[in-house]
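Report on the following structure.
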Amino acid sequence: MTSSRSLLAPMAFLALLALAVAAPGLLTGVDPLAADPVSALAPPGGAHWFGSDHLGRDVLSRVVYGARHSLSIGVTATALAVAAGVLLGLAAGLSPKWLDEALARSFDVLSTLPELLLALLVIAVTGPGTGNVIFAIAVAQVPNYARVIRAQTFVVRHAGYVEQAVTFGRSRAAITAGHVLPNVLGPIPVLATIGLGQAVIAASGLSFLGMGPQPPAAEWGAMLSEARNYLRVAWWEALFPGIAITLTVVSLTVVGRRLQRRFEGRTP
């Protein structure tokens with residue numbers, strides 16, 4: 001019961017984020033791009049609950065609308081990484097030994113690099129932009145999923161039901177699709193939940209460096225980048241998008257760890 005209650009806050013926050021992504025207008029009626037120089041750098045108060053930024057834009061509205069940019073990048077990158085990781089992990093686990101070794105060593109080398117650094121290397125080749133940021137984050141996360149799927153494939157391919165299917169003369173493709181693939185995907189929801197939090201951090205970090213959505217787009221990392229020059233006079237401009245990033249990552253991590261415990265049979 002206690003562990004279930006510990007999930008209430010992160011789940012409630014994630015539900016609020018989902019609402020912000022799907023229908024931000026329900027949470028705020030202010031245009032996140034509407035500038036009002038007269039109200040520039042106004043502190044949190046009745047007119048602007050989270051204050052206003054250096055251009056007089058409502059910080060609350062920008063945080064709410066920024067969820068769509070930040071989470072869309074994270075979700076898309078994670079989905080691409082999962083798809084590529086599953087395919088490469090299956091290929092490694094079902095391939096001849098020489099190809100498996102080559103792929104496995106590639107995964108190991110890429111895994112030694114911090115994800116943000118690897119993403120920066122990819123962007124150095126592809127150039128900045130939202131699409132390239134998504135691609136870079138996906139590339140950086142692929143080894144995490146590929147290594148797990150490869151290990152799961154080794155276990156499943158020697159299971160009795162797979163050997164029985166081989167005995168019955170089923171094709172390799174049918175065995176892979178019908179027996180191997182469904183049974184190696186168990187850890188993916190856990191990894192993807194935690195990986196989404198890491199993707200949000202990476203997206204915000206790359207946007208902070210000016211490689212993601214460009215101003216005046218409301219994106220949490222870009223908001224932090226704009227706010228850094230006003231920290232002494234308008235702390236709220238950086239505080240609230242920073243809190244949004246932190247709570248998002250913490251909530252996803254808590255939920256992901258709970259899923260992991262349940263997957264491993266350590267909790268009901």
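Numbers here simply count residues along the sequence, with the first being 1.
No salt bridge links K97 with D100; every basic N to acidic carboxylate O contact stays at or beyond 4.0 Å.
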Stepwise, does the side chain to side chain contact (heavy atoms under 4.5 Å, CB included) test hold for F50 with D58? CA-CA 7 Å; F50 286 5; D58 186 69; over 6 Å; no

Under the criterion side chain to side chain contact (heavy atoms under 4.5 Å, CB included), I'd like the reasoning laid out for E219 against S204: C-alpha separation, chi angles, the key distance, then a yes or no. CA-CA 8 Å; E219 195 279 333; S204 299; 4.1 Å; yes

List the steps, then state whether side chain to side chain contact (heavy atoms under 4.5 Å, CB included) holds for V250 with F13. CA-CA 10 Å; V250 170; F13 182 76; over 6 Å; no

Check the pair I137, E115 against side chain to side chain contact (heavy atoms under 4.5 Å, CB included), reporting the backbone distance first and the verdict last. CA-CA 7 Å; I137 295 173; E115 289 186 10; 5.8 Å; no

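Between L209 and L120, the closest side-chain pair of non-hydrogen atoms falls below 4.5 Å. In this structure the side chain of D108 reaches within 4.5 angstrom of the side chain of R147, judged on heavy atoms. Taking the side chain as every heavy atom from C-beta outward, L16 and L27 approach each other to under 4.5 Å. Between L90 and L181 the shortest side-chain heavy-atom distance falls below 4.5 Å. Looking at heavy atoms from C-beta onward, E226 lies in side-chain contact with R62 at the 4.5 angstrom threshold. When side chains are defined from C-beta on, H48 does not count as touching V59, because their heavy atoms never get closer than 4.5 Å. In this structure the side chain of P213 reaches within 4.5 angstrom of the side chain of S207, judged on heavy atoms. Using a 4.5 Å heavy-atom cutoff, the side chains of N229 and H54 are not in contact.
L19 and L14 fall within the same hydrophobic cluster, where Ile, Leu, Val, Met, Phe, Trp and Tyr residues are linked whenever their side-chain heavy atoms come under 4.5 Å apart, directly or through other members. Hydrophobic clustering of Ile, Leu, Val, Met, Phe, Trp and Tyr side chains at less than 4.5 Å, counting indirect connections, unites I243 with V63. By the criterion of side-chain heavy atoms lying less than 4.5 angstrom apart, applied directly or through intervening Ile, Leu, Val, Met, Phe, Trp or Tyr residues, V156 is grouped together with L191 in one hydrophobic cluster. Hydrophobic clustering (ILVMFWY, side-chain heavy atoms < 4.5 Å, transitive): W98 and L88 are in one cluster. Taken together through direct or relayed side-chain contacts under 4.5 Å among Ile, Leu, Val, Met, Phe, Trp and Tyr, V148 and L103 form parts of separate hydrophobic clusters.
Here CG of L259 is found 13.0 Å from CD1 of I188. Values are rounded to the nearest 0.5 Å. Of the inter-residue distances, the one linking Y145 atom OH with L185 atom CG reads 13.0 Å to the nearest 0.5 angstrom. A distance of 8.0 Å separates CD1 in I201 from OG1 in T246, rounded to the nearest 0.5 Å. For the atom pair CD1 (I123) and CG (L206), the distance works out to 4.5 Å, reported to the nearest 0.5 Å. How far CZ of R105 is from CD of E101: 5.0 Å, rounded to the nearest 0.5 Å. A distance of 6.5 Å separates OH in Y65 from OG1 in T28, rounded to the nearest 0.5 Å.
The nearest pair of heavy atoms linking T248 to A244 is OG1-O, 2.7 Å. Among all heavy-atom pairs drawn from A227 and E237, the shortest one is CB-CG, 3.5 Å. Here the shortest heavy-atom pairing between S70 and V200 reads O-CG2, 4.4 Å. Considering all non-hydrogen atoms of both residues, G89 and T153 come closest at O-OG1, 4.1 Å. Across P143 and S111, no two heavy atoms sit closer than the pair CB-OG, 3.4 Å. Scanning both residues, N144 and Q198, for their nearest heavy atoms gives ND2-OE1, 4.4 Å.
With N132 contributing its side chain and T126 its backbone, the two residues share a donor-acceptor pair below 3.5 Å. A donor-acceptor pair under 3.5 Å links the side-chain atoms of Q141 to the main chain of G195, judged by distance alone. Without hydrogens or angle criteria, S52 side chain to L41 main chain gives a donor-acceptor distance under 3.5 Å. Checked by atom type and distance alone, the side chain of R228 pairs as donor or acceptor with a backbone atom of S225 at under 3.5 Å.
A donor-acceptor pair shorter than 3.5 Å can be found between the side chains of D36 and S39.
A 6.0 Å sphere centred on CZ of F135 holds no more than 12 heavy atoms belonging to other residues, nucleotides or ligands.
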